[in-house]
Amino acid sequence: MELLIFYPLAGFSLMLALGVVMNKSPIGSALCLIGMMLGLAGIFALQQAHFIAILQVIIYAGAIMVLFMFVIMLLNLKGTDTKWRARERNTLLTVLTTFLALGVLYKVITVIFEFNLDSPAKVPDTFGTAAVIGETLFTDFVLPFEVASILLLAAMVGAVVLAKTKLD
Amino acid sequence: MSEFIDEVLEFIDPLFEPAFMIGSIKALVIAAALLGVVPPLVWLERRLMGRFQVRLGPNRVGPLGLGQPFADSIKLLFKESIIQSSADKFLYHLAPAVVVFTAIVAFAVIPFGEPVTVFGQEIGLWGANINSGILFIFAISGMGIYGMVLAGLSSNNKYSLMGGLRSSAQMISYELTLGLSALSVIVLTGSLNLIDLVQNQSTVPYIFLQPLAFLLFFIAGVAETNRAPFDLPEAEQELVAGFHTEYTGMKFAMFFMGEYINMVTMSSMITLLFLGGWNAYGLPLWPILAFAIKVFFLLCVFIWLRSTFPRLRYDRLMTFGWKVLLPLCILNLLVTSVIKVL
């Protein structure tokens with residue numbers, strides 16, 4: 001039963017992930033990204049991690065992607081008037097990104113081969129519930145959590161300051 | 001060959017388990033009920049609005065004008081669908097579907113009564129009982145914004161675009177208030193599960209413990225459903241009809257269906273969080289009837305608000321949301337948490 005849901009979801013997410021990169025219009029890419037986030041949320045939900053799934057939808061598919069759509073709307077980008085061709089080939093960049101992509105691919109493949117399908121890792125029943133995530137966040141990872149919060153706050157204040165000087 | 005068939009059968013076997021069958025039936029019933037409640041709601045709104053404005057409202061088709069919603073639905077179904085030639089066809093068709101779909105899905109986790117036993121099977125009167133039910137509703141209603149954004153983007157019309165922009169800005173701003181005011185109730189209960197929330201209110205509904213949160217949640221809820229006085233996305237005088245300017249026929253009707261279903265969901269949320277859900281508090285009512293009466297009352301309040309208040313100006317709306325509602329919410333949450341810890 002789980003596989004019956006998992007494979008379509010995984011395929012759907014992968015296809016949409018490709019769509020993000022290969023779509024010609026920015027709106028299309030953004031929509032594919034939203035769809036992919038939803039697919040990922042579905043996979044989390046399938047692992048009984050409902051809380052993570054919902055956070056995925058609220059934060060990524062909801063909050064962040066709405067801002068993306070906002071930018072697209074404000075700039076009024078349309079697929080038809082925007083040429084998304086590679087203007088100049090930068091050889092160095094091409095070589096670098098190719099190596100990077102190959103490295104990631106190599107890592108992924110080795111992980112897949114090392115993974116023992118017969119005895120998958122045991123996940124505790126409470127995995128991904130609000131209580132467990134909250135506890136982990138505020139005990140083991142309290143310092144990184146607070147540092148990240150301060151960073152976000154600083155970014156927010158910075159954005160406000162920048163926008164203000166432009167208005168005046 | 002037969003082995004292959006056996007394997008396939010084994011693969012889809014769980015589909016025939018009672019739990020799965022019950023779930024599917026529940027999903028169908030909830031979706032059908034939500035769609036079926038829209039025409040009577042439109043009728044109710046038009047009749048009540050008529051009375052509030054000292055006129056009769058629709059009263060010609062059938063007794064009390066009850067035939068009006070059916071006549072309207074049939075008319076909308078058979079109307080020609082006109083699509084602007086420069087519109088993005090795919091997104092244009094996708095937008096109303098997203099609006100209706102998210103509106104229906106959000107209702108999936110709303111419990112409207114205690115579990116009943118039918119044919120020896122205990123059936124909970126809810127679509128799904130997930131642990132973070134309340135967050136699920138916020139997540140899905142957040143997805144609903146995309147319907148409006150896409151409608152605004154794909155219509156290739158400046159009024160639609162403005163309407164879409166306004167709706168997304170408004171919904172993002174008021175979602176914060178909505179979430180934070182619900183959070184103070186969650187702090188009181190200590191659970192994100194809607195059924196726990198209702199069971200914790202069996203003696204006192206939270207409206208008495210959290211009056212400020214109730215008020216904030218209600219205001220944000222009205223704004224979130226794009227109802228008057230917060231119906232800026234579709235302000236007729238400035239934006240023609242906002243994001244659905246270019247829509248006709250059934251696709252136009254689907255935006256309205258989404259709005260009315262969202263109204264029902266929002267009323268149910270307020271009932272669950274603050275009015276004690278299906279608890280009847282000593283009155284001889286079935287749980288489901290108590291729930292329905294509360295939701296109906298709130299729907300009438302929504303309509304009452306629409307016929308009473310003039311529309312807010314857009315900048316006032318944003319200032320109100322960010323500078324009044326949000327600080328009040330945070331204050332309320334802070335006080336609630338402190339009291340809870342002490």
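Every value quoted in this text rests on a predicted model; they were computed, and no experiment measured them. So that the names make sense, note that chain A is the first sequence line, chain B the second, and so on, each numbered from 1.
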Inset, instruction - Name the region of L38(A), side chain, backbone, both or neither, that has any atom closer than 4.5 Å to a heavy atom of chain B. - result: side chain
Inset, instruction - Taking heavy atoms only and a threshold strictly under 4.5 Å, list by residue number the residues of residues 136-147 of chain A that touch chain B; give 'none' if the list is empty. - result: none
Legend entry - Distance in Å, W322(B) CH2 paired with Y174(B) OH, rounded so as to fall on 0.5 Å steps: 10.5 Å
Legend entry - Any V98(B) side-chain heavy atom under 4.5 Å of M143(B) side chain: no
Legend entry - Side chain / backbone / both / neither for L165(B) at chain A, heavy atoms under 4.5 Å: both
Legend entry - Atom group of F90(B) that falls short of 4.5 Å from chain A, counting heavy atoms: neither
Legend entry - Heavy-atom closest contact (T265(B) atom, A106(B) atom, distance): CG2-CB, 4.3 Å
Inset, instruction - Please examine the side chains of V105(B) and F136(B), heavy atoms only from C-beta on, and report whether any two atoms are closer than 4.5 Å. - result: yes
Legend entry - Shortest non-hydrogen contact from A139(B) toward I58(A): CB-CG1, 3.4 Å
Inset, instruction - Output the distance between atom OG (S184(B)) and atom CG (L273(B)), rounded to the nearest 0.5 Å. - result: 9.5 Å
Inset, instruction - Verify the neighbour count for atom CZ of F68(A): are there more than 12 heavy atoms of other residues, nucleotides or ligands below 6.0 Å? - result: no
Inset, instruction - Please state whether the side chain, the backbone, both or neither of I172(B) comes within less than 4.5 Å of a heavy atom of chain A. - result: side chain
Inset, instruction - Could you tell me which non-hydrogen atom of G321(B) sits nearest to which non-hydrogen atom of T177(B), and how far apart they are? - result: O-OG1, 4.2 Å
